[in-house]
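Structure record follows, encoded as structure tokens.
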2 protein chains.
Amino acid sequence: MRYRKIPEETVRRLPVYLQGALHLSRRGGESTSSKELADLIGVEPWQIRKDFSYFGDFGTRGVGYSLGSLIGRINKILRLDTGHKAALVGVGNLGSALLAFPGFRVYGFEIVAAFDIDKRKIGRRKAGVLIEETTSLGRLSARGIHLGIIAVPETASQDIADALVKAGVRGILSFAPRRIVVPRGVKVITIDIAMDLARLPYYVAAG
Amino acid sequence: MRYRKIPEETVRRLPVYLQGALHLSRRGGESTSSKELADLIGVEPWQIRKDFSYFGDFGTRGVGYSLGSLIGRINKILRLDTGHKAALVGVGNLGSALLAFPGFRVYGFEIVAAFDIDKRKIGRRKAGVLIEETTSLGRLSARGIHLGIIAVPETASQDIADALVKAGVRGILSFAPRRIVVPRGVKVITIDIAMDLARLPYYVAAG
DNA sequence: GTTTGTGAATAGTTTCACAGCA
DNA sequence: TGCTGTGAAACTATTCACAAAC
């Protein structure tokens with residue numbers, strides 16, 4: 001394998017492959033093939049092989065991929081092998097759902113801190129996590145937290161992002177329907193639920 | 001403008017342009033330029049002009065775009081000009097948050113029906129919407145509902161998708177972390193929150 | 001025989017640079 | 001002059017087809 005820049009789309013697909021591999025592993029599988037994995041997750045086998053090829057040899061020709069080593073390799077590439085602590089800001093309807101959401105564990109994430117501006121919520125616990133004052137967002141990196149999740153209203157989202165960056169957060173998952181501007185070296189991924197829904201009627205009409 | 005196939009990526013950006021145009025309009029603007037809109041939403045001006053060019057002339061050379069006609073054009077292309085009714089299945093933590101979520105209105109969506117399997121929730125109302133039995137999902141298309149939102153546990157998601165399709169739904173927004181298989185003519189958009197978060201550490205480490 | 005890994009071909013998308021109009 | 005609209009160029013990603021390895 002020769003070195004080439006990792007395509008953006010390949011990075012987007014790696015978590016999908018990881019999820020598929022974890023699924024097969026949980027079902028008791030020991031190994032898989034690009035065909036089996038492809039059928040499971042709904043892509044083409046060559047896409048998987050091509051994507052893996054950017055990172056070196058993953059499998060054995062004529063045999064396939066060991067699920068254990070596959071999961072290990074992808075986890076390492078995505079830096080999911082160490083586990084990550086996240087801070088949630090905004091414990092409203094969506095924030096509460098995220099606190100209770102079990103799916104983060106699959107990838108080794110844990111929400112260990114929650115913040116809200118509403119005085120009545122401060123000091124209470126949701127899903128075992130103490131709700132703290134947003135104004136005392138403080139030094140998250142000192143608490144081992146490098147990821148932030150923004151679930152506050154649109155108008156407050158940029159201020160919260162600024163505070164998170166100041167507190168040492170390097171990666172942000174934002175649910176606010178608005179562009180978040182951050183310094184170089186900080187990555188923001190935005191999930192705009194309504195905007196994703198807004199694409200549906202176009203496809204439905206097109207058939 | 002000559003006809004060409006609309007690029008997938010262009011369709012993905014149209015809601016972003018629409019949101020930006022709506023934002024400027026709400027702020028009292030009458031018109032805009034590709035530069036202003038681009039700066040607002042964080043893309044390049046030529047990308048906007050190129051995307052619009054697939055659908056014909058949107059603006060006036062030397063002047064810019066009228067916000068009113070721009071919003072009208074994009075709404076029409078995305079089929080958002082008529083408004084859409086959606087059914088929610090799964091009124092757990094996430095489903096409840098979605099019922100209370102005000103952001104859908106921006107694009108003319110309304111959740112008018114909610115379903116759950118939990119007998120204790122049936123008959124109650126959440127955010128003004130009556131919770132009905134999942135088993136009686138019935139004929140949604142007869143109620144003018146052509147979109148479904150899936151917020152049930154992963155294991156039930158495919159069955160719910162099948163039921164929604166049977167009930168006449170043509171577009172599905174799914175929050176289940178799993179591939180949903182549907183017949184031709186039905187479109188599924190999946191939001192896998194944990195999977196999106198799973199990409200973050202990769203970028204954070206890469207800088 | 002089976003399945004991986006990968007150059008080469010094809011397809012799709014972004015970026016450029018400027019002609020075309022107001 | 002100012003800003004749109006768009007072919008052409010540059011870049012990126014997908015798909016193919018097959019040699020290499022077990």
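Labels below follow one simple rule: chain letters A, B, ... track the order of the sequence lines, proteins then strands, and each chain is numbered from 1. Keep in mind that what you see is a predicted model, and the values were worked out from it rather than measured.
Contact check for B:Met195 versus A:Tyr107: side-chain heavy atoms found under the 4.5 Å cut-off.
Along DNA chain D, the nucleotide nearest A:Thr10 and the nucleotide nearest B:Asp51 are compared for position; the residue whose nucleotide lies closer to the 5' end is B:Asp51. Each of B:Trp46 and A:Glu44 was matched to the nucleotide of DNA chain D holding its nearest heavy atom; the match closer to the 5' end belongs to B:Trp46. Toward the 5′ end of DNA chain C lies the nearest nucleotide of A:Gly62, the other residue of the pair A:Gly62 and A:Phe58 mapping further downstream.
Remark: B:Tyr54 is not in phosphate contact with D:dG7, judged by side-chain N or O atoms under 4.0 Å from OP1 or OP2. Taking 4.0 angstrom as the limit, A:Arg13 places a side-chain polar atom (N or O) nearer than this to OP1 or OP2 of D:dT14.
Near DNA chain D, meaning a heavy atom under 4.0 Å away, the residues from residues 26-35 of chain B are B:Ser33, B:Ser34.
Put simply, CG on A:Asp57 is 5 Å from P on C:dG5, counting in whole angstrom units. Following rounding to the nearest Å, A:Ile48 (CD1) and D:dT14 (P) show an atom-to-atom distance of 13 Å. Atom CZ in A:Arg49 sits about 18 Å away from atom P in C:dA8, given to the nearest Å. Between the NZ atom of B:Lys50 and the P atom of C:dG12 there is a distance of 15 Å, rounded to whole Å. Rounded to whole angstrom, the span from the CD1 atom of A:Ile6 across to the P atom of C:dT6 amounts to 12 Å. The distance from atom CG of A:Leu70 to atom C1' of C:dT4 is 13 Å, rounded to the nearest whole Å.
Cation-pi check for B:Arg73 over B:Phe58 is met; the charged atom lies under 6.0 angstrom from the ring centroid and within 45 degrees of its normal.
Contact check on B:Lys121 versus B:Asp116 returns a salt bridge, with a Lys/Arg side-chain nitrogen under 4.0 Å from an Asp/Glu carboxylate oxygen. A salt bridge is absent between A:Lys166 and A:Asp162: the closest approach of a Lys/Arg side-chain nitrogen to an acidic carboxylate oxygen does not fall below 4.0 angstrom. A salt bridge is absent between A:Lys85 and A:Glu110: the closest approach of a Lys/Arg side-chain nitrogen to an acidic carboxylate oxygen does not fall below 4.0 angstrom. Ion pairing of A:Glu9 with B:Arg199 is absent here, as no side-chain N (NZ or NE/NH1/NH2) approaches a carboxylate O to less than 4.0 Å.
Of the candidate nucleotides D:dT15, D:dA8, C:dA17, D:dT15 has the atom nearest to the side chain of A:Gln47. Side-chain atoms of B:Glu8 lie closest to C:dT13 of the nucleotides C:dA17, C:dT13, C:dG7. Comparing C:dT13, C:dT6, D:dT4 by their closest approach to the side chain of B:Tyr65 singles out D:dT4. Residue B:Pro7 has its side chain nearest to C:dT13 when only C:dG7, C:dG5, C:dT13 are considered.
Side chain to side chain, B:Gln47 and B:Arg13 meet the donor-acceptor criterion of an N or O pair below 3.5 Å.
At a cut-off of 3.5 angstrom, the base of C:dG5 holds no donor-acceptor pair with the side chain of A:Arg61.
B:Phe52 comes within contact range of no nucleotide atom at all, as no heavy-atom separation falls under 4.0 Å.
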